[in-house]
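Structure record follows, encoded as structure tokens.
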Amino acid sequence: MPELPEVEVVRAGLAPAVVGARIEACTVLDARALTRHAGSPASFEQEVTGGSIDAAARRGKFLWFPLRGSDRAVVAHLGMSGQMLLREPGAPTERHERIRWDIVHPEHGELSVLFVDQRTFGSLAVDDLAPTPDGAAGGWGTETATVPTQVSHIARDPLDPAFDQGRFHADLARRTSAIKRILLDQAVVSGIGNIYADEALWAARIHPETSAASLSRVARQRLLDAVVAVMTKALAEGGTSFDAQYVNVNGQAGYFAHSLEAYGRTGSPCTRCGTPIVRVAFTNRSSHYCPRCQRRR
DNA sequence: AGAGCTCCCTGTAAGC
DNA sequence: TGCTTACAGGGAGCTC
């Protein structure tokens with residue numbers, strides 16, 4: 001499932017191909033990919049066609065592509081199964097392809113950008129860009145201090161140079177919910193999904209059901225450091241280089257799977273203490289943790 | 001405002 | 001073997 005490291009791999013893979021490119025044609029194959037778009041599929045196609053992409057930006061799990069001279073951007077969220085793929089022009093339709101752009105890049109020539117999404121939780125939309133309240137760049141991949149209105153409520157992610165550590169500490173100290181729920185709240189800290197939440201809690205030796213407010217400042221910082229460490233490591237292992245001939249930008253997870261310590265390791269020994277990792281239900285999801293290293297307080 | 005729940009969707013895998 | 005059910009889960013939106 002694409003979380004921050006996977007989405008960043010997609011952003012970094014797309015950037016050399018799409019920044020500076022002009023969208024010559026846009027085809028919506030499935031309107032369900034436009035659930036966040038305010039207008040009709042025809043209006044999406046019309047507005048995107050002819051647009052030139054100025055940047056490939058990301059905050060948390062959201063991507064956006066500012067359109068030149070318009071104060072508007074195409075916003076993309078991959079949901080659970082979304083992919084953005086680069087293909088040669090005229091490439092056959094993918095099984096779950098929802099939207100396609102035919103672009104022309106001044107250096108790389110013609111390419112197709114495919115939005116493919118099996119479970120349709122992802123979407124594209126055209127949205128207004130609004131100034132950031134803190135005046136810093138909107139996210140990775142852009143120096144412009146704007147962010148799409150759909151993304152404005154999303155907190156900066158922990159890898160963002162303008163991430164507000166003080167606000168992170170204050171939010172955790174104030175919230176009484178389980179720390180895992182708070183980690184997954186994109187308005188508190190963005191980019192974390194179920195996998196990296198479990199990994200960071202394991203690394204910081206914190207039980208997922210611990211009340212956020214009960215954590216000491218030291219524990220909060222240890223957790224934040226763990227989030228940064230696990231995401232940085234995942235990103236480094238997933239980094240891919242741009243291939244001008246045939247670019248395959250793949251949003252699927254899995255490359256980091258061999259490094260996982262908690263997620264998906266139910267019954268396997270904790271690599272720190274040997275105790276079997278347990279799995280418990282958690283708000284329609286699962287939590288994986290070591291019952292010995294991550295004692296409930 | 002915060003907490004906690006449902007819903008959206010499809011493919012895979014486990015269970016009977 | 002074939003059907004049914006559980007499960008994966010991001011984030012909007014709802015109620016209390």
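Each chain gets a letter, A, B and so on, in the order its sequence line appears, and its residues count up from 1.
With sequence neighbours excluded, the residues satisfying side-chain contact (heavy atoms from CB on, under 4.5 Å) with A/Thr35 are A/Ser123. A search for side-chain contact (heavy atoms from CB on, under 4.5 Å) contacts involving A/Ala145 returns A/Thr132, not counting sequence neighbours. Applying the side chain to side chain donor-acceptor pair (under 3.5 Å) rule to A/Ser52 yields no partners; only residues at least two apart in sequence or on another chain are considered.
Of the residues A/Glu3, A/Lys180, A/Arg285, the one that meets the side chain to side chain donor-acceptor pair (under 3.5 Å) test with A/Asn194 is A/Lys180.
In summary, contact between chain A and DNA chain B, defined as any nucleotide atom under 4.0 Å from a heavy atom of the protein, begins and ends at B/dG2 to B/dG11 in the 5' to 3' direction.
Within residues 177-186 of chain A, the residues having any heavy atom under 4.0 Å from DNA chain B are, by residue number, A/Ser177, A/Arg181.
More than 12 heavy atoms of other residues, nucleotides or ligands sit less than 6.0 Å from atom CD of A/Glu24.
Within 4.0 Å (heavy atoms only), A/Ser286 reaches sugar-phosphate atoms of the nucleic acid but no base atom.
Between the CG atom of A/Leu63 and the P atom of C/dG11 there is a distance of 11 Å, given to the nearest Å. The CD atom of A/Gln150 sits 9 Å away from the P atom of C/dA12 (whole-angstrom rounding). What separates NE2 of A/His153 from P of C/dG13 is a distance of 9 Å, to the nearest Å. A straight line from CZ of A/Phe282 to C1' of C/dA8 spans 15 Å, rounded to a whole angstrom. The distance from atom CZ of A/Arg59 to atom C1' of C/dG11 is 16 Å, rounded to the nearest whole Å. A straight line from CZ of A/Phe121 to P of C/dC7 spans 16 Å, rounded to a whole angstrom.
Overall, the helix from B/dG2-C/dC16 to B/dC16-C/dG2 carries an axis bend of 60° between its ends, with five pairs at each end and the value rounded to 10°.
Considering only side-chain N and O atoms, A/Arg279 lies under 4.0 angstrom from the phosphate OP1 or OP2 of C/dA8.
Between A/Arg22 and A/Ile103, the closest side-chain pair of non-hydrogen atoms is not below 4.5 Å. The shortest distance between side-chain heavy atoms of A/Arg59 and A/Trp64 falls below 4.5 Å. In this structure, A/Met231 and A/Asp157 have side chains that are not in contact, with every pair of non-hydrogen atoms separated by 4.5 Å or more.
Closest of all the heavy-atom pairs between A/Arg72 and A/Leu129 is O-CD1, 3.8 Å.
For the pair A/Arg95 and A/Glu97, the salt-bridge criterion is not met [side-chain N within less than 4.0 Å of a carboxylate O].
The aromatic rings of A/Phe163 and A/Phe168 are tilted relative to each other, their planes meeting at an angle between 30° and 60°.
Place A/Arg174 and A/Arg285 on DNA chain B by their nearest nucleotides, and A/Arg174 ends up nearer the 5' end.
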